[in-house]
Visitor: 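Please see the structure below; I have some questions.
Small disclaimer: the values here were computed from a predicted structure and weren't measured.
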Amino acid sequence: MANTLNIVQAINQALMNEMELDNTVVVYGEDVGVEGGVFRATVELQKKFGNTRVFDSPLAESAIVGTAIGMAINGLKPVVEMQFSGFVYPAFNQIISHVARMRNRSRGRYTLPMVIRAPYGGGIRALEHHSESMEALFAHIPGLKIVIPSTPYDAKGLLIAAIRDPDPVLFWEPKRIYRAFKQEVPEEAYEIPLGKAKIIDEGTDITIVTWGAMVRDVQKAAEMVKAKGIKPEIIDLRTIAPMDRDSFVESVKKTGRILVVHEAPKTLGVGAEIISIVNEKAFLYLEAPPTRLTGFDTTFPLPRGEQHYIPSPERIAKTIEDVVNY
Amino acid sequence: MANTLNIVQAINQALMNEMELDNTVVVYGEDVGVEGGVFRATVELQKKFGNTRVFDSPLAESAIVGTAIGMAINGLKPVVEMQFSGFVYPAFNQIISHVARMRNRSRGRYTLPMVIRAPYGGGIRALEHHSESMEALFAHIPGLKIVIPSTPYDAKGLLIAAIRDPDPVLFWEPKRIYRAFKQEVPEEAYEIPLGKAKIIDEGTDITIVTWGAMVRDVQKAAEMVKAKGIKPEIIDLRTIAPMDRDSFVESVKKTGRILVVHEAPKTLGVGAEIISIVNEKAFLYLEAPPTRLTGFDTTFPLPRGEQHYIPSPERIAKTIEDVVNY
Amino acid sequence: MGLKNHNPLDNIQYRILDKNGIVLKEEDLPKFTDDELMYLYRTMIFSRIIDEKALSYQRQGRMLTYAPNIGQEAAQVGSAYAMEKNDWLVPAFRELGSWLVKGVPLRNIYLYWYGNEWGSYMPEGIRLLPVSVPIASQLQHATGIAMASNIKGEKDVTVAYVGDGGTSEGDFHEALNFAAVFKAPVIFVIQNNQYAISTKGSLQTASKNYALKAIAYGMPGILVDGNDIFAMYKATKTAIDRARNGEGPTLIEAYTYRLGAHTTSDDPTKYRDDSEVEEWKDKDPILRYRIYLMNKGLLTDEIDESMKKELEEEVASIFESIENKSDTEIEDIFKYHYEVMPPQLEEQLNEYKSFLEGGK
Amino acid sequence: MGLKNHNPLDNIQYRILDKNGIVLKEEDLPKFTDDELMYLYRTMIFSRIIDEKALSYQRQGRMLTYAPNIGQEAAQVGSAYAMEKNDWLVPAFRELGSWLVKGVPLRNIYLYWYGNEWGSYMPEGIRLLPVSVPIASQLQHATGIAMASNIKGEKDVTVAYVGDGGTSEGDFHEALNFAAVFKAPVIFVIQNNQYAISTKGSLQTASKNYALKAIAYGMPGILVDGNDIFAMYKATKTAIDRARNGEGPTLIEAYTYRLGAHTTSDDPTKYRDDSEVEEWKDKDPILRYRIYLMNKGLLTDEIDESMKKELEEEVASIFESIENKSDTEIEDIFKYHYEVMPPQLEEQLNEYKSFLEGGK
Ligand SMILES: Cc1ncc(C[n+]2csc(CCOP(=O)(O)OP(=O)(O)O)c2C)c(N)n1
Ligand SMILES: Cc1ncc(C[n+]2csc(CCOP(=O)(O)OP(=O)(O)O)c2C)c(N)n1
Ligand SMILES: [Mg+2]
Ligand SMILES: [Mg+2]
């Protein structure tokens, strides 16, 4: 059985499925219970599973993440929500000092099968701190996994895989496309393996690596350049850490060119790592400088300026041409 | 007048000088007052300037940084200490949400002339969380500056420049070499400009970029390879963000090869950014893959394993040879 | 009044004016001139109109998200009015009434909610920080500002706001603890509007009220009827005087109610009953103050109407002055990160501008 | 005893055994068998010897940094002894006595301070988390473990430790608030040893004591003479029984004193007077308990001597078993980050091993 869902509905269904299949899964966070989350990702869960397994917490991110660590140690699989990824920082100490390290510290005795979900990224005309893309911060920290889906189908399969993963996973949801489009999604639970990128368009002229909401912008740009005879290969990274390096290294060996497109600031954004890996693994194949098209090294602007920040399909297309014509 | 000081003494003298010259400078943090800091960097300050300007605070990093924001807004220049850089994370929200953004948010009305100092890096046989090198986290955040000195002379001049800087500066001190060697340091205040790297050894065969405690290890490695006829150009980055790109870009144009050496984990360490910049600015000059030699993508090991983590002069020398002989 | 006589453990709200506009504590009644009394009324009405018009602009698609203050005007105006001009105000994000008392131009306030960077620019001379979105984080700044006043030997007091939800954050705890340890001249005002978005107080804390949390820090706390503008003024004034006198911080809980939605993105019918809201409409802080002024002969329906009309026109004209004319300049995105723009940023700005100009 | 009768606002320490070994509250005296009484003594002595020997190894350059517990043995052993086997213990880093009660092998404890990763490995069956270095962060885990017990309908109770300094961190506040809101079966034990490294209590908080901070969360708090093993046991047991009975969390302040340095890197003469230390040596928790046992006829100088000798030998032999034999395997640095090692890590491990082997 399949149904047609957008990303936020697919996430909701993933939670429904897993809570049904595994009664150690619990869901909590700010406003996730009675209200079902400010983006409605957890809607109906409390009604269905009761307020022991789905509940509203006090307003304290460090405690939400920190108690999830304790729950995971004591046999549960907490899936907690940060209301926006911009509000995860009060919990940063818990994440870097404990979420990332408990398995290593305890030599495998205490593992943390937990998921931290958060809506992430810009472009929804929001107030300050509601638009950032800071996945690189977490990708730099040994011991973490971070996943960013770009379609309803992937969102559901990746979230289920994240919940079942024996290790902690940060699951950052591109809220700009929460409701942008629908897709056929199986009703039952299924997994999409973490750590595997996906080639969503095969091509020969340039490798484009991207993820999250930018995937659709890249696809639009690809249509524009295809009209000019350029054939891009598009890779949706899906898991940011640990990264599927082979996916783009192999692709670059074929295309000789690479462009990374992301919303996050340029300096030390994930693009920097991808380019460095390409240098290490495919240097002799390179026919043009590996290139980044990213957000600026500025704070994400408020709504009346945000149109400038996220690389537009037009800018992406222009950059693809520049790299191909190098 | 000059005297011979190690790094921690040079830092202490910088604080002495600036507190004397500018009575808006205040110093506080955990154990910095009566005790003079666990590494003695603030020793004698309270005696000299009284406990209104130099004081011990309760054990709460978010408050230490958060109150410094308020003080800076209200006309002071706070220089606060995080006891170890591994304990800055409770303050991460204050740093990313406010330290980095207050000037931008307020359109220049509220600026933050403040400094956050912390001993950083590994190699002192310490307990968990006392050895990390996480400068990349801060370098990714728009609006921050982060400085890492490598000598007593630089430490003093850079710290004074940081205190005088109208914007907030993170000042990460390589504690492994706090007392490793002494240098002639002028007694009076002087500045070394932020944002400028330093070529500490000129050469023609390979550009090596490094900073902090690794500088000395790189110098040792350079001696080893010089014996084999290789002439490395060594750049001490000094300011990690915003970075002096020209320093290494120009150097690579000359040498055609670059190696970045840092203690931090490889993935999304600062090396990734340097390599990406080199790709963007000097692609056609490259004669070998830009290379990183870094800490592992693991938690920094406890003392009985730490000798494996930090790249040794021998490993550096070997890697230099590999890149030069590519 | 003395704060000592109002132990928050007793869980009794400090109140001067009851919900029918009757003065309960003549001896505590602030000695305001008629002008002052009318100014306070006008400010509450102004706040209400700014909210209502913003909500209607938002419904018409002319405004972005908006967070209304309806029902909390007395808590805001009453507390802010106890401040001197040089005192610092550190807001959370739902303190419109306090901003107005502080003299922030409505233009800025609307620019902020309109999504323009200049909304957070405070004109020189107004000691007010911009909105702090990360809940409770601003309390640290307030304590720091107040500590700086002490260090500099200046007599300014800082007043900081936080919501009931905000009391659960670690920053609340640390800011109050620092304030008490350093005897910082800072007043923390909790606007307990009983909800943090959809989350009720009983899910936020197990303590009987929020004011008593002061005890943990060795500072006085007082529970106040937040819909009584006199009580809010009096409690805040007492705390400010105390702070200015070197006696340290105070925690004030303004027990009030958020009559509207959390923001325009929120639908409160999902989590609370209309009957609860109706009950609180009865306790509307403007209502009771209006009766008081009428009883006193200061206000008539006519004055009231013409005041509202005038304010409505002012609000409309200010909104129109910014509508569709407030896109952020590209340079403005880059300009304010550092005093001197680093080459990286300059390069990114130039690259982008040349892309827009169709160049390379 | 009932917690209700010990209001921390009164600032009176709960005490059963005074510093001269005299029982003050016969009715509260725990009903221990002679074996139990001797076990408690032996454990405190064991703790003391482990500390003293570690300090001497450290002085000889045979041990890395070490954080001694001297003076705090009753607070630790007394509280931990009130736990059932299945109860969870969540330590900070200065709870040696509690670890011993929980049954952690000394080998692990010494491995930890010797700088070996396996020091933090807890043998299966022992419900104790590893040392948490970031101050107060562990309290969140304790609350989470206890919430999970509730969710699963299990009756286990969690006991968590924090220092006086740790109470200033935001995590302390959030963990206690969550615990109270969710009625989690968790006991927070503050070991108030009066210093956070060099920082005295008066610089840490303006409240009269730490136990009264419980009031802010609507949970019971009790101030206990932390050098009285009976009082520590009794207070913790009462709180644990309460928690197991579904009545939620309790905050216990153990008022004690750190007789030694913060760690071997610390020189306390820089910040405190010897006279203060001397005064507290008089209140040594082992001293008063020793007198009690002697008065009771359970302990003689002879038994005491032979017990100490035996324990000293045990400690020495364990230390020797790890000395110079405890370098971390290279694989061990990489192996425990994820259940399945990602290719990146595998590559780094292999590259490094081949470097060591002199290969390419
Ligand atoms: C650190 C942080 N977490 C979450 C949010 C999202 N958020 C915005 S307002 C709000 C509720 C605030 O409640 P309260 O403090 O009672 O203030 P009120 O909205 O009632 O004025 C939340 C959770 C935020 N802004 N910051
Ligand atoms: C978050 C954090 N900040 C700072 C430190 C450094 N540090 C280690 S122990 C300590 C003092 C702790 O004092 P207290 O909580 O009273 O415990 P005690 O050492 O007295 O047992 C400090 C500041 C740390 N470990 N973690
Ligand atoms: Mg509220
Ligand atoms: Mg202590």
Visitor: Does the ring center of D/Tyr255 lie less than 6.0 Å from the ring center of D/Trp280?
Guide: yes
Visitor: Which atoms of B/Ser57 come close to chain D, meaning under 4.5 Å heavy atom to heavy atom: side chain ones, backbone ones, both, or neither?
Guide: backbone
Visitor: Only pairs of heavy atoms separated by less than 4.5 Å count here; which of D/Tyr114, D/Phe334, D/Tyr271 has the most with chain B?
Guide: D/Tyr114
Visitor: What closest approach, in Å, do B/Glu306 and B/Ile124 show between heavy atoms, and which atom pair accounts for it?
Guide: OE2-N, 3.7 Å
Visitor: For chain B, which candidate among D/Asp267, D/Ile197, D/Thr199 shows the most heavy-atom pairs at distances under 4.5 Å?
Guide: D/Ile197
Visitor: Mind checking the CG-CZ spacing from D/Leu139 to D/Phe178? Nearest 0.5 Å is all I need.
Guide: 13.5 Å
Visitor: For B/His129, is it the side chain, the backbone, both or neither that has a heavy atom under 4.5 Å from a heavy atom of chain D?
Guide: side chain
Visitor: Strictly under 6.0 Å, is that where the ring centroids of D/Tyr352 and B/Tyr309 end up?
Guide: no
Visitor: Is the ring centre of D/Tyr112 less than 6.0 Å from the ring centre of D/Trp118?
Guide: no
Visitor: Would you mind checking which part of B/Pro90 comes under 4.5 Å of any heavy atom in chain D, side chain (CB onward), backbone (N, CA, C, O), both or neither?
Guide: side chain
Visitor: Step by step, work out the salt bridge (Lys or Arg N to Asp or Glu O under 4.0 Å) result for D/Glu253 and D/Lys213.
Guide: CA-CA 10 Å; D/Glu253 173 181 349; D/Lys213 291 179 189 280; over 6 Å; no
Visitor: Who wins among B/Asp56, B/Asp297, B/Val38 for the most heavy-atom pairs under 4.5 Å with chain D?
Guide: B/Asp297
Visitor: Going through the checks in order, is the salt bridge (Lys or Arg N to Asp or Glu O under 4.0 Å) test met by B/Glu81 and B/Arg117?
Guide: CA-CA 5 Å; B/Glu81 178 176 299; B/Arg117 292 180 43 247; 2.9 Å; yes
Visitor: So is B/Arg257 actually on top of B/Tyr326's ring, under 6.0 Å and inside 45° of the axis?
Guide: no
Visitor: Relative to chain B, which segment of D/Asp171 carries a heavy atom at a distance below 4.5 Å: side chain, backbone, both, or neither?
Guide: neither
Visitor: Classify the ring geometry of B/Tyr89 against B/Phe92: parallel below 30°, tilted from 30° to 60°, perpendicular beyond 60°.
Guide: tilted
Visitor: Under 4.5 Å heavy-atom distance to chain D, tell me which part of B/Phe296 shows up: side chain, backbone, both or neither.
Guide: both
Visitor: Count the heavy-atom pairs under 4.5 Å between each of B/Val34, B/Leu59, B/Leu127 and chain D, then report the option with the highest count.
Guide: B/Leu59
Visitor: If you count heavy-atom pairs under 4.5 Å with chain B, which of D/Leu345, D/Asp332, D/Thr65 comes out on top?
Guide: D/Leu345
Visitor: Return the option, out of B/His130, B/Gln307, B/Glu61, with the maximum number of heavy-atom pairs under 4.5 Å with chain D.
Guide: B/Glu61
Visitor: Chain D heavy atoms under 4.5 Å from B/Gln83: which part of the residue, side chain, backbone, both or neither?
Guide: side chain
Visitor: Heavy-atom cut-off 4.5 Å, strictly under: side chain, backbone, both or neither for B/Thr298 against chain D?
Guide: both
